[in-house]
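Per chain, numbering begins at 1; letters A, B, ... match sequence-line order.
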Number of protein chains: 2
Amino acid sequence: MTTHGRRGEHLGRRQQILAAGLAVFSSSGFHGGSVRDIARRAGLSQAGLLHHFPSKAQLLGAVLTWRDDIARRELGEPAPDGLDLIRRLVAPPAVTRTQELVRLRVITSAEGVAFGHPVHGYVRHRQASVLDMVRQALEHAAARGELRQDVDPAGTARMLVALMDGLRVQWLLHPEQADITGDLRRCLQPLLTVDL
Amino acid sequence: MTTHGRRGEHLGRRQQILAAGLAVFSSSGFHGGSVRDIARRAGLSQAGLLHHFPSKAQLLGAVLTWRDDIARRELGEPAPDGLDLIRRLVAPPAVTRTQELVRLRVITSAEGVAFGHPVHGYVRHRQASVLDMVRQALEHAAARGELRQDVDPAGTARMLVALMDGLRVQWLLHPEQADITGDLRRCLQPLLTVDL
DNA sequence: GTCTATATACTGATAGAC
DNA sequence: GTCTATCAGTATATAGAC
């Protein structure tokens with residue numbers, strides 16, 4: 001089983017393939033990208049690639065899981081809670097802003113809304129879990145009196161997540177006109193009793 | 001030139017094809033959908049379809065233009081301005097909510113962020129023009145004193161558009177947990193001096 | 001673990017009859 | 001205006017040598 005094996009093979013192979021997959025899928029999505037193209041960029045043949053990832057769908061799944069690991073690591077270990085989490089989401093570290101990772105997220109999230117799409121389940125699950133994480137953080141903040149009393153944590157979580165998703169698209173389309181952190185701050189600060 | 005010809009041919013043909021294109025592109029996007037599939041659903045052969053729309057890219061373009069016409073018509077003629085426009089955006093008429101139209105918008109917007117994609121230019125242009133329309137409406141509302149004085153029309157327009165985009169995705173993924181109109185209202189009302 | 005070769009299917013687009 | 005037939009290209013995935 002090579003899936004987690006790290007002995008007896010070129011150590012960077014899987015990583016090389018994942019990076020190539022990120023480049024291709026983030027530009028063309030699942031249907032638009034081809035395994036051949038990814039293999040070529042990773043410097044091996046298509047059959048060689050499929051030895052590491054048995055199908056295109058599983059390759060995309062691995063790329064997305066890898067992306068999630070990066071995101072989780074950048075959020076900090078252990079993951080912050082309450083307003084600390086919100087602050088990290090509003091002003092993300094530099095790496096999160098690389099176009100490729102953001103595009104991968106935007107494109108797969110959109111493709112995944114279709115029922116038959118290979119990542120449909122994954123996208124639904126991730127959306128729900130992100131909403132849940134943000135809602136919990138807001139509830140903890142509320143318990144500490146950091147939220148205005150008339151603010152609904154669940155509704156605010158939906159709002160904040162939607163805002164982040166939408167602003168990402170704007171930033172990809174018109175980077176010079178976007179101000180993700182500023183817009184998020186302006187929207188959130190009025191709901192808080194403390195400084196963001 | 002059959003592009004706008006409406007004599008000497010089955011009057012509903014183009015419309016049938018556009019409807020089939022909507023169904024396919026809204027499920028699979030540009031790369032995932034095939035002209036053959038669209039033709040089959042429209043009840044004619046692939047070659048027959050390509051008589052009406054000379055290429056796949058131009059077919060998608062026509063479907064998007066058609067969608068825009070529907071959206072414009074539902075917004076009202078002439079298009080409302082100021083807070084009236086905002087009210088229409090926050091509480092859209094029933095038809096706008098059909099999943100297919102919303103999915104088409106979500107999927108093409110995301111696919112179109114990639115540089116080489118056939119609708120890249122279209123998506124960039126539409127995003128800019130929507131932002132512009134909303135910003136103008138907010139400026140007019142501000143001139144009438146309907147906005148709180150510390151509210152920035154341009155920033156609020158970015159926020160509102162991003163929010164709508166993100167909430168659409170949430171609604172597609174978890175329709176039962178979404179409340180687009182409510183969330184928009186909760187977010188906007190605090191910025192206004194009058195009832196939404 | 002990687003390769004070449006191949007199986008099988010589908011792609012967008014065109015040619016030409018009717 | 002619509003069809004059948006076809007072209008040339010590409011797709012994912014597999015078989016089997018090394």
Side-chain angles (χ1 to χ4, degrees), chain A residues 1-21 23-25 27-64 107-108 111 114 116-119, chain B residues 1-25 27-64 108 111 114 116-119:
Chain A
M1 186 182 298
T2 62
T3 308
H4 62 289
R6 292 278 162 99
R7 281 193 307 274
E9 69 195 64
H10 180 194
L11 281 208
R13 256 304 183 228
R14 279 180 60 93
Q15 205 53 41
Q16 265 180 298
I17 295 172
L18 289 175
V24 170
F25 286 136
S27 288
S28 314
F30 177 72
H31 290 121
S34 81
V35 176
R36 260 189 171 79
D37 187 15
I38 296 170
R40 203 178 311 126
R41 292 180 191 232
L44 78 173
S45 73
Q46 188 206 209
L49 188 155
L50 289 175
H51 168 77
H52 297 271
F53 302 92
S55 77
K56 186 187 183 181
Q58 289 183 64
L59 171 56
L60 175 57
V63 172
L64 291 176
I107 291 186
T108 53
E111 276 190 321
H117 198 283
V119 300
Chain B
M1 185 183 296
T2 62
T3 307
H4 61 290
R6 293 278 163 97
R7 283 192 308 272
E9 71 195 62
H10 181 194
L11 281 208
R13 254 306 182 230
R14 279 180 60 93
Q15 205 54 42
Q16 264 180 300
I17 295 172
L18 289 175
L22 169 62
V24 170
F25 286 135
S27 288
S28 314
F30 177 72
H31 290 121
S34 81
V35 177
R36 264 188 167 79
D37 186 15
I38 296 170
R40 202 179 309 124
R41 292 181 192 232
L44 79 174
S45 72
Q46 187 206 210
L49 187 156
L50 289 175
H51 169 76
H52 296 271
F53 302 93
S55 78
K56 186 187 185 183
Q58 291 183 64
L59 172 56
L60 174 57
V63 172
L64 292 176
T108 52
E111 278 190 320
H117 198 284
V119 300

Next item on the list: Please determine, for the side chain of B:Val35, which listed nucleotide (C:dG12, C:dT2, D:dA5) has the closest atom?
Entry: C:dG12
Notebook entry, point to check: Can you name the nearest heavy-atom pair linking B:Glu111 to B:His31, along with the distance?
Noted result: OE2-N, 3.8 Å
Check: When you match A:Leu50 and B:Leu49 each to their closest nucleotide on DNA chain D, which lands nearer the 5' end?
Finding: B:Leu49
Next item on the list: Could you tell me whether the phosphate oxygens of C:dT2, OP1 or OP2, come under 4.0 Å of any side-chain nitrogen or oxygen in A:His52?
Entry: yes
Check: Between C:dT14, C:dC3, D:dA13, which one does the side chain of A:Gln46 approach most closely?
Finding: D:dA13
Next item on the list: Please report the C-alpha distance between B:Leu44 and B:Gln16 in whole Å, then the side-chain angles of each, then the deciding distance to 0.1 Å, and finally whether the side chain to side chain contact (heavy atoms under 4.5 Å, CB included) criterion is met.
Entry: CA-CA 10 Å; B:Leu44 79 174; B:Gln16 264 180 300; over 6 Å; no
Next item on the list: Considering just the side-chain nitrogens and oxygens of A:His51, establish if one lies under 4.0 Å of OP1 or OP2 belonging to C:dT2.
Entry: no
Checklist line | CD on B:Gln46 to CZ on B:Arg40, rounded to 0.5 Å | finding: 10.0 Å
Notebook entry, point to check: NA contact type, B:Gly32, heavy-atom cut-off 4.0 Å: base, sugar-phosphate, or nothing?
Noted result: nothing
Note to self: Could you tell me how far apart B:Ile17 (CD1) and D:dT2 (P) are, to the nearest whole angstrom?
What the structure shows: 7 Å
Checklist line | A:Lys56 side-chain proximity, nearest of D:dT4, D:dA13, C:dA13 | finding: D:dA13
Item checked: Separation of C:dG1 P from A:Gln16 CD (nearest whole Å) -> 14 Å
Check: Roughly, in whole Å, what's the span from CZ in A:Phe53 to P in C:dT2?
Finding: 12 Å
Item checked: Atom-to-atom span, CD1 of B:Ile38 to P of C:dT11 - whole angstrom -> 11 Å
Note to self: From C-beta outward on B:Ser45, which listed nucleotide comes closest to its side chain: D:dT14, D:dC3, D:dG1?
What the structure shows: D:dC3
Check: So what does A:Ser34 hit on the nucleic acid, given a heavy-atom distance under 4.0 Å: a base, only sugar-phosphate, or nothing?
Finding: sugar-phosphate
Checklist line | Taking every non-hydrogen atom, the tightest pair across A:Gly29 and A:Ile107 | finding: CA-CG2, 3.7 Å
Note to self: What is the separation between atom CZ on A:Phe25 and atom C1' on D:dA11, rounded to the nearest whole Å?
What the structure shows: 13 Å
Check: Within less than 4.0 Å of OP1 or OP2 of D:dA11, is there a side-chain N or O belonging to A:His31?
Finding: no
Notebook entry, point to check: Contact class for A:Leu44 (heavy atom, under 4.0 Å): base, sugar-phosphate, or nothing?
Noted result: sugar-phosphate
Margin query: Can you measure A:Gln15 atom CD to C:dG1 atom P for me and round it to whole angstrom units?
Written below: 16 Å
Check: Counting side-chain heavy atoms from CB outward, which of D:dA5, C:dT6, D:dT6 is closest to A:Arg36?
Finding: C:dT6
Check: Between B:Val119 and B:Leu64, what is the shortest heavy-atom contact and its length?
Finding: CG1-CD1, 3.7 Å
